[in-house]
Number of protein chains: 2
Amino acid sequence: MVEFATLRLEDGVPIYLQIIRHVKAGIAAGTVVDGEELPSRRALSALLGVNPNTIQKAFRLLEEEGWLQSHTGAKSLISATAKQVETLRKNLPDYQARAFVRSMKALGATCADTVALVETLWKEEESE
Amino acid sequence: MVEFATLRLEDGVPIYLQIIRHVKAGIAAGTVVDGEELPSRRALSALLGVNPNTIQKAFRLLEEEGWLQSHTGAKSLISATAKQVETLRKNLPDYQARAFVRSMKALGATCADTVALVETLWKEEESE
DNA sequence: AAAAGTGTACTATGGATATAATACACTTAG
DNA sequence: CTAAGTGTATTATATCCATAGTACACTTTT
């Protein structure tokens, strides 16, 4: 069962996009695998405290992109071929790191400062 | 005059927030200083290709937060005390780095991999 | 003084996001 | 088999984001 208990919704970003990102991140990290069950729309809606339609929108888009399969009446399942996972694992970190580097440069930070900051925060967040 | 020519608008984030972020980043980086002139609402609207009302919203919020001063009929000016700048320079990089570390952990990356990726991309983007 | 530029305010419209409330067909568990 | 659970669809409403057009008072430039 794909876990959503750790997902903390932040505002400023559409909820349905955060749900999509959470699923893709799980697949890229290897904690979510092909064939795995997803919680029902209603159950996830209750867990996150959002409208069922919002969950449905996220799941519908994920299905259109080929990341899950749905059959009326039955639970939805993750669908991720080895090739899909490989592409995701390459592109996701790269995309996020690029955006981060750009924003740190805009702040006038140096490469060394940035790396040091990342290392410090990485250890900080390990103890939580 | 505060520069906006380098600002590339991305979708998924409200335009007025990107403008606010751009100004704050400039102040934190030291390229935008107290008393500096901002382009007029209409001029910036034309430069970025967005509605004047959107620019006005960004500037109004910046003024409410104390980052600029406006007087009807005259150009708006940056307002940034040393204390304000100091706080910004500390908090902005920290906030962005925290979000980055969290997202890389969600992807299952290690600290070493992440640092290596940042260093690689940092040099790549220098040649552009 | 006159003209151009500037900040500000207002109404109206459309799209995206999210919620709310139903409804129905299908699958699964009892 | 029956009931509960599930995917799916629909309509309605509210808010935010962005655009469009207009208007007016003030400042700066000419």
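Throughout, protein chains are lettered first and strands after them, A, B, ... in sequence-line order, and every chain is numbered starting at 1.
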Open item on the list: For a quick test of reading the model: is some side-chain N or O of Arg41(A) closer than 4.0 Å to OP1 or OP2 of dT6(D)?
Closed with: no
Task: N-O pairing of Lys123(B) and Glu119(B) below 4.0 Å - done: no
Open item on the list: In whole Å, I'd like the distance from the CG atom of Leu47(A) to the P atom of dT6(D).
Closed with: 13 Å
- [ ] Nearest whole angstrom, please: distance from the P of dA18(D) to the CG of Leu48(B).
- [x] 12 Å
TODO: Indicate the atoms forming the closest heavy-atom contact of His22(A) with Thr6(A), along with that distance.
DONE: NE2-OG1, 3.7 Å
Open item on the list: Rounded to whole Å, how long is the line connecting atom NE2 of His71(B) with atom C1' of dT28(D)?
Closed with: 15 Å
- [ ] Anything under 30° is parallel, anything over 60° is perpendicular, the rest tilted; go ahead and classify Phe100(B) against Phe100(A).
- [x] parallel
Task: Atom pair distance, as rounded to whole Å: CD in Gln56(A) and C1' in dA21(C) - done: 16 Å
Task: Short side-chain N/O contact to dT8(C) OP1/OP2 from Arg60(B), under 4.0 Å - done: no
Open item on the list: Taking Arg98(B) first and then Glu10(A), would you say they form a salt bridge - that is, a charged N and a carboxylate O separated by under 4.0 Å?
Closed with: no
- [ ] Nearest whole angstrom, please: distance from the C1' of dT8(D) to the NZ of Lys57(A).
- [x] 16 Å
Task: Atom-to-atom span, CG of Asp11(A) to P of dC16(D) - whole angstrom - done: 12 Å
Task: Length of the CG-P vector between Leu61(A) and dG7(D), whole Å - done: 16 Å
Open item on the list: With rounding to the nearest 0.5 angstrom, report the CD to OG distance, Glu65(B) to Ser79(B).
Closed with: 12.0 Å
Restricting to nitrogen or oxygen on both sides, can you table the protein-nucleotides 19-26 of chain D pairs closer than 3.5 Å?
unit_1	atom_1	unit_2	atom_2	d
dT19(D)	OP2	Asn51(B)	N	2.7
dT19(D)	OP2	Thr54(B)	OG1	2.9
dA20(D)	N7	Asn53(B)	ND2	3.3
dA20(D)	N6	Asn53(B)	ND2	2.8
dG21(D)	O6	Asn53(B)	ND2	3.4

TODO: Determine the contact category for Tyr16(A): base if any of its heavy atoms lies under 4.0 Å from a base atom, sugar-phosphate if only primed atoms, P, OP1 or OP2 are that close, otherwise nothing.
DONE: sugar-phosphate
Task: Partner of Ser76(B) by side-chain hydrogen bond (donor to acceptor under 3.5 Å, both in side chains), out of Arg41(B), Glu63(B), Glu36(B), Gln69(B) - done: Arg41(B)
Open item on the list: Rounding to an integer number of Å, can you tell me how far Met1(A) CE sits from dT6(D) P?
Closed with: 8 Å
Open item on the list: For Lys75(A) and Glu63(B), find the nucleotide of DNA chain C closest to each by heavy atoms; which residue's nucleotide sits nearer the 5' end?
Closed with: Glu63(B)
Task: Donor-acceptor pair between Arg21(B) and Ser103(A) side chains, under 3.5 angstrom - done: no
Task: Ser76(A) side chain near dT6(D) phosphate (N/O to OP1/OP2, under 4.0 Å) - done: no
